[in-house]
Amino acid sequence: MLGFLVLLSSLNLTSSKVFHTDPKKADLERNAMDGSLTFPFNTVSDCINALRNPGDECQIHEGTYQEEITISGLRGTENNPIVIKGFGEERPKFDGTVDIAPVDGTWKREGPIYYGKISHEIWQLFFDDLMMTNARWPNANWSSKTVFDGLNHWAKTSYSRSKDIIVDSGGALQNSGLDMTGAMAVLNIGSWNTFVARVLEHSPGVNNFRYDYKNAYGDVRNRMKHGRYFIESKRELLDAPEEWFFDKATNTLYFIPPAGAQVTESTKLRGKVQTYALTIKDSSHVVLKNIDFFATTVRAIPSFNEWKYVDNIKLDSLNFIHPCASKRMLLLDEVTQCTKVDGRKRMGVQRFDSGSFTFFNNTFHGADGIPLTYIAAQSRLENNLFTENDWTSANSQTKDGGHSTIEARTLKDTVIRNTLLYNGEGHGIRPGFNPNVTLNRVEGQCWGYQQNDGAGIHLTKRPQENAHIERNWVHDSPKYGIRFDSSPGNYGRLGTISENVAFRLGAGGVQMKGDYHKALNNLSFDKQGGKARPRIECSLCVWKYVRGSTFEINRYSTVYGNVADVANGGKIWQNGRMVHPVTVRPMNGITSNNVIDRNIKSSLQDPDNRDFRPLNDSITVGPYPYNPSSKSYWIPGRQLYKASSPVPPDGATLVTAPHRDSLMWLNGYGCETHDVYLGRDHDIVARAGRSSTEYLGRVTGGNVMYLKERVVVGTTYYWRVDVMCHGKVFTGDVWNFAT
């Protein structure tokens, strides 16, 4: 289940009114509903329309709402914003779907396929809350997450001399026996660019197809040799459980239920019919809080021709579940419309007079596209969770610099304590200018390799200046961990990458292009899957030249106190070709006090289980300098109301017993006091109190509990951390690890 943080503080509002919406309680016969708790409004729209003054609130009671509302002309203040929120601890839900049933009352059936005419035009389908997958080839589905798997569930392209021809590599298309004409193709043919196009011409048994090429794509042919694609949204492709197809010409829905599922009178089918539940215009100092969005989302946008704009909008503790979906099923190739906040006052790039925005403690899960885009003068993205978003990366309509899970265009960007888990885009966090990217955790970015190129944290040229990338964990991805990127002769400067941990990464850990940068006290090791990195690759990559370029980089960059298994200055090229046998340069720049050791993991406590502390004082640099009595161990990522992110991780099976001298965790949000329990029986630890023998003690002001006795090899341990905060006790989950 996706958790969310329950905030315990309230806004200090004065001279304000509180209005309520509660359809379950509203008296529809009473013409003078005033929005009071006694006589609440029936609709959210009525509640919002009643808001007039700074500090006013619209409190929405629990229920499902299917309204589509434009919010305009609201003017709160910094100390008294206008608030639209869930009532008390309740979480109302905006739902962008409608019930789907055959117009004649009965689904027809042909083999495994059910079909019938419906009364709505839909572009996403849910079967008992499971998102169904557009009929496609090669097959993949959402429940198994194979839709993210570009290596095994996308077809491969081969080089083509024609811009509008895709040639399949290996004959899979030819052997499919399918006619793809009229279907929609998702094409990763631009490395970090993925496009959508209609298949114009194809015949069964032919190993290539012609697609609706757009001149805007630019020359992407050089990338086709390493490209990938899949084809979807045609009736003939419907052949597997969890797939569906909608024929918009006849309004007929076709679907195959999930494996083992039956279509009965109780089956709940719902189709997406809405893009945005809430649109905010011409408003400032507005807070949306404690609301859920299912198959719909929010946007805040300017009206340039009317000189109206949005400023100081805060999204606080909102849950966005499947917030957006492409319209490929309707044969449209447009980029998916998703959560977006645009603070510009005029067309063009963001400026210093653009709006400022805060995104705090929100969840974005299962978006079919970029889950969050913001354009601002200043922005703060804090304590948010992004999981399993964007399984196509089809976010380009022209050849461009690529996209990311979090799309930021700001003049001052703060990105702190966010967690990104197994999202599909090639890049995870791609901040705006003057960024502070601190204490974020990025795991499994582009794990299915659905795009070439990419990094968990990626900075292009201009955002590198005055950038501070500090204390992040980036891991378990085929991409780079942290990357200062640029093209030959066009480099960034003056960025700092410090005290980060980048591990189990395919392309490399930390890569730094440009000059006058600083790489300080980072730790980087291992290829994806925990494999040792070859000497000719690099976990810490401070290059002197980019491939065959003769333009020197990093000549004046500072590289100090880093710890890595393999570090170098890049492979040597001559006359435009890589030298063979492959040879690498030493790291470029001003280097000192770096610890480079191919067996570096043996000098750390238990790095495979996220304990990166040095075993002894032979390592006094890096993100965790040796300190055997430290009460704190920084752990990045989103904080919950309870303890989370245990070290050793929950379910770890190969914990190194001789090195396990302590237990560590991420504290509850805003909390300093934690009680710790440890034992060998799950149920006993779950019930244990402070008088139990399992009680180890209380930790205040830190997050490390040192063990009085070492753990025993070959034993499973259970432990729990309770949070004491705001006069309440939040009982922790029972975690386990085995030695």
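In what follows, residues are counted from 1 in the order of the sequence shown.
- In this structure, R471 pairs ionically with E499, as a charged nitrogen and a carboxylate oxygen lie closer than 4.0 Å.
- With no hydrogens or angles considered, no side-chain donor-acceptor pair links S630 and S632 at under 3.5 Å.
- Using a 3.5 Å distance cut-off with no hydrogens or angles, the side chains of R430 and S404 do not pair a donor with an acceptor.
- Screening Y480, F612, F503, W447 against H475 for a ring pair (Phe, Tyr, Trp, His ring centres under 6.0 Å) leaves a single residue, F503.
- Put simply, the side chain of D611 never gets that close to the backbone of N609: no donor and acceptor are under 3.5 Å apart.
- The backbone N or O of A277 sits less than 3.5 Å from a side-chain atom of T296, completing a donor-acceptor pair.
- With T739 contributing its side chain and V655 its backbone, the two residues share no donor-acceptor pair below 3.5 Å.
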Item to check | Derivation of the ring pair (Phe, Tyr, Trp, His ring centres under 6.0 Å) call for H365 and F320 | outcome: CA-CA 6 Å; H365 174 73; F320 297 95; over 10 Å; no
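- Relative orientation of the H322 and W142 rings is perpendicular, given thresholds of 30° and 60° on the angle between their planes.
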Checklist entry - Between D526 and K531, is a salt bridge (Lys or Arg N to Asp or Glu O under 4.0 Å) present by the stated rule, with each step listed? => result CA-CA 6 Å; D526 275 0; K531 298 178 181 178; over 6 Å; no
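- Using a distance-only test at 3.5 Å, with no hydrogens or angles considered, a donor-acceptor pair links the side chain of Q639 to the main chain of N667.
- In this structure, the side chain of D413 does not engage the main chain of P431 through any donor-acceptor pair within 3.5 Å.
- Look at D476 and R504 and you find a salt bridge, because one of the NZ, NE, NH1 or NH2 atoms lies within 4.0 Å of a carboxylate O, short of that distance.
- Aromatic ring pairs are classed by plane angle as parallel below 30°, tilted from 30° to 60° and perpendicular above 60°; the pair W391 and F148 is perpendicular.
- When only modelled atom types and interatomic distance are considered, R638 and N361 share a side-chain donor-acceptor pair under 3.5 Å.
- For the pair K728 and Y641, the NZ or CZ position fails the cation-pi test of under 6.0 Å to the six-membered ring centre and within 45 degrees of the ring normal.
- Salt-bridge formation is not detected for the pair D565/K601: no Lys NZ or Arg NE/NH1/NH2 atom is positioned less than 4.0 Å from an Asp or Glu carboxylate oxygen.
- Counted by atom type alone, R483 and H458 present zero donor-acceptor pairs between their side chains at under 3.5 Å.
- Between Y633 and W473, the angle of the ring planes goes over 60°, which puts this pair in the perpendicular group of the 30/60° scheme.
- Checked by atom type and distance alone, the side chain of R698 never pairs as donor or acceptor with a backbone atom of T700 at under 3.5 Å.
- E242 and S143 share a side-chain donor-acceptor pair at under 3.5 Å.
- A donor-acceptor pair under 3.5 Å is formed between the side chain of N418 and the backbone N or O of N383.
- Atom CZ of F360 sits about 9.0 Å away from atom CZ of R380, to the nearest 0.5 Å.
- A cation-pi geometry, defined here as NZ or CZ lying under 6.0 Å from the six-membered ring centre and within 45° of its normal, does not hold between K642 and F730.
- Taking CG of N319 as the reference point, atom CZ of F364 lies at 9.5 Å (rounded to 0.5 Å).
- Between the N599 side chain and the S602 main chain, no donor and acceptor come within less than 3.5 Å of each other.
- A donor-acceptor contact closer than 3.5 angstrom is absent between the side chains of Q528 and S477.
- When the shell of 6.0 Å around CG of L654 is examined, it contains 12 or fewer heavy atoms from other residues, nucleotides or ligands.
- A salt bridge links D292 with R91: at least one charged nitrogen is closer than 4.0 Å to a carboxylate oxygen.
- Taking the six-membered ring for Trp and thresholds of 30 and 60 degrees, W735 and W719 have ring planes more than 60 degrees apart, a perpendicular arrangement.
- Counting only heavy atoms from C-beta outward, the side chains of T414 and L381 never approach each other to under 4.5 Å.
- If you run side-chain contact (heavy atoms from CB on, under 4.5 Å) between V474 and each of I482, V501, V510, only I482 comes through.
- For the pair K314 and F359, the NZ or CZ position fails the cation-pi test of under 6.0 Å to the six-membered ring centre and within 45 degrees of the ring normal.
- One finds a salt bridge joining R613 and D661 here, because a Lys/Arg side-chain nitrogen approaches an Asp/Glu carboxylate oxygen to under 4.0 Å.
- Aromatic pair Y718/F737: ring centres not closer than 6.0 Å.
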Checklist entry - What's the verdict on ring pair (Phe, Tyr, Trp, His ring centres under 6.0 Å) for F126 and F294, showing C-alpha distance, side-chain angles and the deciding distance? => result CA-CA 11 Å; F126 296 89; F294 178 78; 4.8 Å; yes
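- Of the possible polar contacts, one joining the Y717 side chain to the V712 backbone as a donor-acceptor pair under 3.5 Å is found.
- A donor-acceptor pair is defined here as one N or O able to donate and one able to accept, closer than 3.5 Å; such a pair exists between the side chain of N500 and the backbone of I469.
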Next on the checklist: Between E443 and Y422, is the side-chain hydrogen bond (donor to acceptor under 3.5 Å, both in side chains) condition met? List the steps.
Outcome noted: CA-CA 6 Å; E443 178 178 351; Y422 295 93; 2.8 Å; yes
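- The side-chain contact (heavy atoms from CB on, under 4.5 Å) test with F94 singles out one residue from T297, V44, V298, T64, and that residue is V44.
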